[in-house]
Amino acid sequence: MRQSLIGLLVTGLLLPASLVTAHHSFAMFDNNKEIIIKGTVTDFQWTNPHTWIELIVAGEHGQQTHWSIEAGSVAGLSREGWTRRTIKPGDNITLVAHPLRDGTPGGSLMGVTLPDGKHLGASLEPKTPNK
Amino acid sequence: MNVGAVLMAGEFRFTFKAVDRVRADENRPARMNDVPLSIRTSKPSWKIRVIAFCLAGIAFAGGVSATTKAPKEPTTPTNWNGIWVIADSFMDKQDGTFLATPGRAGEDDEPAMSDPTLKDEYLTKHQALLKAEEAGTRIDDTGAACVPQGMPRFWHGPYAFEITQTPLQINIYQEWNEQTRRIYLDGRKHNPDADPTFNGHSVGHWQGRELLIDTGLIREDSGLGAGATHSDQIHITEKIKQVGANLLLVQMIVTDPKALAEPWVSEYRLRRKSGMEIEEYVCTENNRNITNTNAVSQSGIGSK
């Protein structure tokens with residue numbers, strides 16, 4: 001596996017304090033940051049209330065880190081073209097996520113590029129709202 | 001249930017045969033064992049035969065006259081059966097916006113979702129929660145423990161609704177936490193002694209082609225969303241009407257003299273999605289963010 005943690009991008013996104021519809025609070029994620037990571041999938045949990053991508057990410061010095069990336073529910077993703085076969089163990093994928101605030105290797109998925117180059121969700125390009 | 005569908009004026013209109021069913025049921029013993037065996041097995045005497053003949057004649061005559069006086073069969077003025085989603089939300093557009101904002105699904109698109117005007121301790125408590133969350137503290141409501149949202153959050157979606165409509169009852173199913181509201185149209189009232197529930201007790205009636213719903217008996221802990229709470233005096237009225245070929249408008253008014261400074265008025269537009277099917281949503285299947293009733297994470301994820 002190649003170097004995986006490509007970038008840590010500050011985007012300046014703001015969360016309005018409205019009565020949003022979410023299964024749980026997302027305050028544990030740093031929604032002002034986006035990270036782009038590459039890794040090899042070990043498990044794709046196509047489950048409710050959230051789906052999860054488990055992957056191994058190789059660091060610059062060869063160390064391997066297990067990341068847990070939380071994504072939307074089956075109810076939501078299935079309406080966006082996802083299926084339980086969209087991601088498979090062994091897939092090498094690149095994804096963008098909001099990282100956990102506490103430094104635990106995990107995050108909230110925003111977009112992913114699959115091995116065949118197909119992209120789902122938010123762009124992997126850094127968001128620069130002021131431009 | 002014997003429901004006959006008649007195509008009228010370009011739409012299905014349902015007629016309900018429940019009246020005939022009730023008549024038949026009234027004359028039928030609850031169980032065959034309730035009828036004395038001698039009556040079922042012995043031959044009637046000639047006196048009984050004469051009486052029966054006379055009664056049959058009376059019944060025949062009455063039946064003829066009843067044909068002209070038959071009670072009007074209950075009907076329903078609309079056909080809203082099918083799958084509906086919040087109009088213009090990610091469920092409607094299905095363009096990738098859900099994945100782009102997980103946990104905040106459809107937030108940018110939800111139409112006319114106003115916030116309630118809280119007061120007194122309900123306001124100060126909610127302000128404290130929002131302040132803590134802005135500072136990074138994870139604040140969950142009961143939804144994180146897979147407890148149903150109930151009313152009034154039922155209409156917040158974000159997933160599919162399924163309406164099943166008959167003349168005497170309308171059921172509305174919400175995918176999220178597999179909730180079902182039952183709206184009774186048979187004239188029954190709220191039973192003040194009944195237990196409060198997450199979706200409350202709903203009775204409704206038609207005013208022309210508009211459905212008016214009154215919902216009471218809502219649990220005090222069903223919440224208003226984002227940690228906002230209400231009292232046991234919450235009461236909800238709704239008006240649902242069709243505003244397009246495949247578009248419904250839900251107008252909801254929430255009152256709570258203890259928690260709200262003014263009635264909370266909100267609107268939701270629902271679009272019919274032909275071809276969409278309900279997905280199973282078992283919240284406890286893999287809930288790795290579970291909290292306890294004090295909104296404290298039990299998984300350790302993001303709890304620092």
Side-chain angles (χ1 to χ4, degrees), chain A residues 13-32 34 43 45-52 54 68-82 86 95-104 106-112 119-123 127, chain B residues 85 90-91 94-107 110 113 115-116 130 132-141 143-144 146 149 153 156-160 175-177 224-228 276 279-289 291 295 297 300-304:
Chain A
L13 298 175
L14 295 175
L15 280 176
S18 62
L19 301 187
V20 298
T21 51
H23 166 256
H24 62 77
S25 165
F26 275 62
M28 69 270 224
F29 301 111
D30 189 340
N31 294 294
N32 292 319
E34 291 180 356
D43 191 19
Q45 298 173 7
W46 182 245
T47 55
N48 284 309
H50 290 274
T51 58
W52 290 82
E54 307 291 342
S68 293
I69 303 297
E70 181 174 4
S73 67
V74 172
L77 292 181
S78 64
R79 274 59 180 264
E80 305 276 46
W82 288 59
T86 296
L95 57 84
V96 57
H98 294 308
L100 282 167
R101 290 179 186 274
D102 64 4
T104 304
S108 171
L109 183 69
M110 298 189 70
V112 60
H119 186 79
L120 294 166
S123 169
K127 290 185 178 179
Chain B
V85 300
F90 74 96
M91 288 287 289
Q94 300 181 59
D95 60 355
T97 50
F98 174 72
L99 184 60
T101 54
R104 290 171 284 145
E107 173 185 281
E110 284 168 352
M113 181 181 278
D115 283 350
L130 292 180
E133 178 143 30
E134 286 175 9
T137 301
R138 182 181 162 190
I139 304 296
D140 275 322
D141 66 16
C146 294
Q149 289 72 38
R153 288 188 290 159
H156 293 185
Y159 303 126
E175 263 183 351
W176 194 8
N177 278 329
L224 299 176
M276 183 178 280
E279 296 279 348
E280 185 178 71
Y281 189 104
V282 179
C283 184
T284 52
E285 177 187 13
N286 187 21
N287 185 13
R288 293 164 61 171
N289 297 288
T291 61
S297 172
I301 297 174
S303 58
K304 294 178 182 177

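Just so it is clear: chains get the letters A, B, ... in the order the sequence lines come, proteins before strands, and each one is counted from 1.
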Q) At their closest point, which heavy atom of A/A75 faces which heavy atom of B/M91, and how far apart are they? A) O-SD, 4.2 Å
Q: Search all heavy atoms of A/P49 against all heavy atoms of B/C283 and return the closest pair with its distance.
A: CD-O, 3.0 Å
Q: Determine whether A/E80 and B/F90 make a side-chain contact, defined as any pair of heavy atoms from C-beta on separated by less than 4.5 Å.
A: yes
Q. So what's closer than 4.5 Å to chain B heavy atoms on A/S73: side chain, backbone, both or neither?
A. both
Q.
At a heavy-atom distance under 4.5 Å, which candidate from A/N48, A/V74, A/T51 has the highest pair count against chain B?
A. A/N48
(Q) Taking side chain as everything from C-beta outward and backbone as N, CA, C, O, which of these in B/E285 sits under 4.5 Å from a heavy atom of chain A? Side chain, backbone, both or neither. (A) both
Q: Evaluate the side-chain proximity of B/R288 to A/E70: yes if any heavy-atom separation is below 4.5 Å, no if none is.
A: no
